[in-house]
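All ligand and atom numbering here is 1-based and tracks the order in the structure.
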Amino acid sequence: MENTSITLTRYLLMQQREHPGATGEFSMLLSQIAFAAKTISRELGRAGLVDVLGASGEINIQGEVQQKLDQISNGAFLAAFANGQLVSEMVSEEMEHPTPIQGNEDKGKYVIFVDPLDGSSNLDVNVTVGSIFSVHRRPEGIKGTALVDALHLRGRGQVAAGYALYGPSTTLVYTTGQGVHGFTLDRSIGDFLLSHEHIRIPERGSTYSINEGRRNTWFPPTRAYIDYLQETDTQTKRPYSGRYIGSLVADFHRTLLKGGVFLYPADPKNARGKLRLMYEAAPLGFVAEQAGGRASDGTQPIRDIVPDSLHQRTPLIIGSAQDVQTAESFYH
Ligand code: AHG
Ligand code: MN
Ligand code: MN
């Protein structure tokens, strides 16, 4: 069968057939996530129209639309899981506490952690943004405030993770531990079709991605590593070229497909880095590892970190296995 006619749902059912014992829950859960991504993709398309209206000064585009779109995206995920019987609570960058999903109270085997809209600073300049999700099994028999502590879960415990990318095309990339697969939204039928089966990240790349604006504040290991990448050495394909979009999902997706390394290190202003562990670093770390890559905070694999708070930040070095290993040698 032609790849382009395999829908997300059908692919998940085909995968399920290969893994007896896998219930249909993942296909339902990822279909709910796909629904949220389609909703957000549509809203982002309309934001441009709002911008036009906003130009007449009726709407404060910067704050209002940006705020709205973060909230709208958050709401799209809450709505997509409502009454879906699978997700009991959602943890989101946009909400301080875990939020029960309407209609699933005391039901739902999964808790989902989301960055509903990643790359917000790029929203009003029409640059690619994304959503990131991480799925854990809900700890058994935990109620009320005890849930928060019970949700301090290591990335190794994720059962699924991935992201949507709202760019020239809307794509959905996920892993359930059986490799990494990418789908592209065909708007004419309103469905995601298989476009990147079994994505593998190159062992080593030739690009690096970091916010060079912070160069003068970088801690020595960061500076030493980036200086190393900028030296000339044909044998190790240096100097690398720099690419930085400023939306983590877009910078990560390019790194996943082309190879190379993305870094958001700690610096004097961001003692523990800027990116959040539970719904940015850990899900992308799962995807990276499943594609043969690597993700670390400089000293340990991201997926080994046991969080002490739900919105904890972490330094992140992620991408081709050899590139991340080279980077880590500067931090040890
Ligand atoms: P979010 O929009 O979800 O807050 O995430 C923004 C993050 C991430 O997308 C990106 O890698 C990083 O912010 C860029 O930060 P700088 O502007 O400091 O480079
Ligand atoms: Mn983000
Ligand atoms: Mn966000």
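A distance of 6.0 Å or more separates the ring centres of Phe133 and Phe77. Not less than 6.0 angstrom separates the ring centroid of His196 from the ring centroid of Phe183.
Counting only heavy atoms of the protein, atom 17 (O) of ligand 1 lies nearest to Lys274 NZ, 4.0 Å. Of the protein's non-hydrogen atoms, Tyr244 OH, 2.6 Å is the one closest to atom 19 (O) of ligand 1. For atom 10 (C) of ligand 1, the closest heavy atom belonging to the protein is Gly246 O, 3.3 Å. Summary of contacts: the protein heavy atom closest to atom 18 (O) of ligand 1 is Tyr264 OH, 2.6 Å. In terms of protein heavy-atom proximity, atom 1 (P) of ligand 1 is nearest to Gly119 N, 3.7 Å. At the top of the distance list for atom 3 (O) of ligand 1, counting protein heavy atoms only, stands Asp115 OD2, 3.0 Å.
Residue Asp118 touches ligand 1 through backbone and side chain together, judged by heavy-atom distances below 4.0 Å. With a heavy-atom cut-off of 4.0 Å, Ser120 touches ligand 1 through backbone and side chain alike. Only the side chain of Arg276 comes within contact range of ligand 1, with a heavy atom under 4.0 Å; no backbone atom does.
Near Glu280, the atoms of ligand 1 lying under 4.0 angstrom from a non-hydrogen atom of the residue are 3 (O), 5 (O). Atoms of ligand 1 lying under 4.0 Å from any heavy atom of Ser247, numbered from 1 in the order shown and given with element: 9 (O). Atoms of ligand 1 found under 4.0 Å from any heavy atom of Leu248, numbered from 1 in the order shown, are 8 (C), 9 (O), 10 (C), 11 (O). Each of the following atoms of ligand 1 lies closer than 4.0 Å to a heavy atom of Leu117: 2 (O), 3 (O). For ligand 1, the atoms lying closer than 4.0 Å to a non-hydrogen atom of Asn211 are 16 (P), 18 (O), 19 (O). The contact set between ligand 1 and Arg214, taken as ligand atoms under 4.0 Å from a residue heavy atom, comprises 18 (O).
Checked options Arg272, Arg313, Arg154; the residue passing with Asp308 is Arg272 (criterion: salt bridge (charged side-chain N to carboxylate O under 4.0 Å, His left out)). Under the ring pair (Phe, Tyr, Trp, His ring centres under 6.0 Å) test applied with Phe252, the options Tyr163, Tyr264, Phe286, Tyr244 reduce to a single match, Tyr163. Of the candidates Leu316, Asp115, Ile318, Val129, Leu316 is the only one forming a side-chain contact (heavy atoms from CB on, under 4.5 Å) with Leu248.
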* side chain to side chain donor-acceptor pair (under 3.5 Å) evaluation trace for Asp323 with Thr326 -> CA-CA 5 Å; Asp323 285 312; Thr326 305; 5.3 Å; no

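In terms of distance to the Mn ion (ligand 3), the nearest N, O or S atom of Glu93 is named OE1. Checked against the Mn ion (ligand 3), the N, O or S atom of Asp115 at the shortest distance is OD1.
The angle that Glu280 OE2 and Asp118 OD1 make at the Mn ion (ligand 2), rounded to 10°, works out to 100°.
No heavy atom of Ser121 sits closer than 4.0 Å to any atom of ligand 1. Ligand 1 has no atom lying under 4.0 Å from any heavy atom of Lys269.
Each of Ile33 and Ile132 belongs to its own hydrophobic cluster when Ile, Leu, Val, Met, Phe, Trp and Tyr are linked at side-chain heavy-atom distances under 4.5 angstrom.
The residues Glu43 and Lys68 are annotated as not salt-bridged, no charged nitrogen and carboxylate oxygen being separated by less than 4.0 angstrom. Between Asp227 and Arg215 there is a salt bridge, since at least one side-chain N of the basic residue sits less than 4.0 Å from a carboxylate O of the acidic one. Ion pairing between Glu289 and Arg156 holds under the 4.0 Å rule for side-chain N and carboxylate O.
Classification of the Phe26-Tyr110 ring pair by plane angle, with boundaries at 30° and 60°, yields tilted.
By the 6.0 Å contact criterion, CD on Glu105 is enclosed, its count of non-hydrogen atoms from other residues, nucleotides or ligands being greater than 12.
Between the Mn ion (ligand 3) and Leu117 there is an N/O/S contact shorter than 2.8 Å.
Through direct or indirect side-chain contacts shorter than 4.5 Å among Ile, Leu, Val, Met, Phe, Trp and Tyr, Tyr240 is connected to Tyr208, Ile210, Trp218, Tyr225, Ile226, Tyr228, Leu229, Val261, Leu263, Ile317, Val324, Phe330, Tyr331.
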